[in-house]
Amino acid sequence: MDKISVFCPATIANISCGFDVLGLALDTVGDIMTVQKTKEPGIRIAPIKEQDLPTDPEKNVAGVAGLALMKSLDYKGGFHIEIQKRIKAGSGIGSSAASAAGAVWAINELLGRPYTPLELVPFAMEGERLASGAPHADNVAPALLGGFTLVRSYAPLDIIRITSPRELVATVVHPQIEVKTSDSRKILKTTFPLQDGIKQWGNLGGLVAGLYTQDYELIGRCLVDHIIEPIRAILIPGFDAVKSEALGAGALGCGISGSGPSIFALSKGRKTAENVGRAMSKVYDSTGIAFDLHVSEINPRGVKPL
Ligand code: ADP
């Protein structure tokens, strides 16, 4: 095999109580990437039609992640990468992570699978270092492993794949406003009251338990963020109204996806998730802010061949 096309999923990081540690993969939102082996060494990236993204492999996360993988194997050949970019960069649903994860997954396949998906995470993290300055794993881990993932520790890297209930469906609304990741980091406080921490880790533990035991009520009770959301919500116009509409329409919980501006909700069942999407959309319809709406099951596999 010298050519493969893959689906590279969008991801939701943080998930309310899991700031910087939790993430999940989406099933119906993602990029398409085609990777082909070449004799010419290195990585070449075809011009990307949908968005203005660099084709220089040192400046595109797909190139950086792929080169990190090739270097570790001392691989002397090359790859041509074509990206159909469907996830908008800066949307807060892991646009860069999808490309970094897709590239390493596809190259690994073409090289006969020297690594497991879990072992590919550090290479994809190199792409994230390029995109945001920090080699974070909360989007690339679910993109590569599927389902929900927990980054328990970075040193040493310890990523846990979490089982989630079948009927959990995500709704994502992406208002077309720009929130710079650097701004949404800058406004965060570096300390918080112990009481907030206690509530937060209570919810994080409860959420993980709820996912394993398929306890939707418990999942709903735990989708609360006492630390980050109250600060970041001010960067997203209409956030409070969108959240209240989502909960009113039956969502288990609702919060900021990654560093925003996308807002996610989780619901039991597709029908409820679609109703939640309609309710969330109403807010931006009435304010005239353009938006994209996605409703998606949780993707159990992560990157997958087409
Ligand atoms: P999101 O907020 O959706 O997670 P990111 O902030 O992670 O998106 O990534 C966007 C940044 O990564 C932009 O600065 C973009 O130029 C850069 N970038 C480089 N290569 C890619 C790529 N292949 N796909 C998406 N973004 C890329």
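Just so you know, ligand 1 is whichever comes first in the structure, and atom 1 is the first atom listed for that ligand. These numbers come from a predicted model, not from an experiment.
Taking CZ from Phe192 and NE2 from His226, the interatomic distance works out to 12.0 Å, rounded to the nearest 0.5 Å.
One finds no salt bridge joining Glu229 and Arg232 here, because no Lys/Arg side-chain nitrogen approaches an Asp/Glu carboxylate oxygen to under 4.0 Å. Ion pairing between a basic and an acidic side chain is recognised when a charged N comes within 4.0 Å of a carboxylate O; Arg278 and Glu245 show no such pairing.
Looking from atom 23 (N) of ligand 1 to the surrounding protein, the closest heavy atom is Asn60 OD1, 2.8 Å. Among all non-hydrogen protein atoms, the one lying nearest atom 20 (N) of ligand 1 is Val61 N, 3.1 Å. Of the protein's non-hydrogen atoms, Ala131 CB, 4.1 Å is the one closest to atom 11 (C) of ligand 1. Looking only at protein heavy atoms, the nearest one to atom 7 (O) of ligand 1 is Ser96 OG, 2.4 Å. For atom 2 (O) of ligand 1, the closest non-hydrogen atom on the protein side is Gly92 N, 3.0 Å. The nearest heavy-atom contact from the protein to atom 6 (O) of ligand 1 is Thr181 OG1, 3.8 Å. Of the protein's heavy atoms, Lys85 NZ, 3.0 Å lies nearest to atom 24 (N) of ligand 1. Of all protein heavy atoms, the one closest to atom 13 (C) of ligand 1 is Ala89 CB, 4.4 Å.
With no hydrogens or angles considered, no side-chain donor-acceptor pair links Glu297 and Thr28 at under 3.5 Å. No hydrogens or angles considered: nothing links the side chains of Lys180 and Ser259 as a donor-acceptor pair under 3.5 Å. At a cut-off of 3.5 Å, with distance as the only test, a side-chain donor of Ser72 or Tyr115 sits close to an acceptor on the other residue. Of the N and O atoms on the side chains of Lys49 and Gln84, not one donor lies less than 3.5 Å from an acceptor on the other residue.
The shortest N or O to N or O distance between Ser95 and ligand 1 is under 3.5 Å. Checked against a 3.5 angstrom limit, the closest N/O atoms of Ala97 and ligand 1 fall outside it. On a distance-only criterion, Ser91 and ligand 1 share at least one N/O pair closer than 3.5 Å. Considering backbone and side-chain atoms alike, Ala62 places every N or O at 3.5 Å or more from each N or O of ligand 1.
Selection from Cys8, Ala100, Gly90 by nearest heavy atom to atom 8 (O) of ligand 1 gives Gly90.
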Q.
Could you walk me through whether Ile93 and Thr11 satisfy the side-chain contact (heavy atoms from CB on, under 4.5 Å) test, starting with their C-alpha distance in whole Å, then the side-chain angles of each, then the deciding distance to 0.1 Å, before giving a yes or no?
A. CA-CA 5 Å; Ile93 51 170; Thr11 44; over 6 Å; no
- Query: Please walk me through it: do His174 and Val29 pass side-chain contact (heavy atoms from CB on, under 4.5 Å)?
  - Reply: CA-CA 12 Å; His174 172 210; Val29 199; over 6 Å; no
Exercise. Please lay out, stage by stage, how Thr34 and Ile83 fare under the test side-chain contact (heavy atoms from CB on, under 4.5 Å).
Key: CA-CA 7 Å; Thr34 300; Ile83 307 170; over 6 Å; no
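Contact analysis leaves Ser132 out of contact with ligand 1, as no non-hydrogen atom separation drops below 4.0 angstrom. Ligand 1 has at least one atom lying under 4.0 Å from a heavy atom of Lys59.
The local environment of CG in Asp52 is sparse, with at most 12 non-hydrogen atoms from other residues, nucleotides or ligands closer than 6.0 Å.
The proximity of Leu53 to ligand 1, defined as any non-hydrogen pair under 4.0 Å, is limited to the side chain. If you look at Ser99 next to ligand 1, the close heavy atoms, those under 4.0 Å, all belong to the side chain. By the criterion of a heavy-atom distance under 4.0 Å, the backbone of Ile93, and not its side chain, is placed next to ligand 1.
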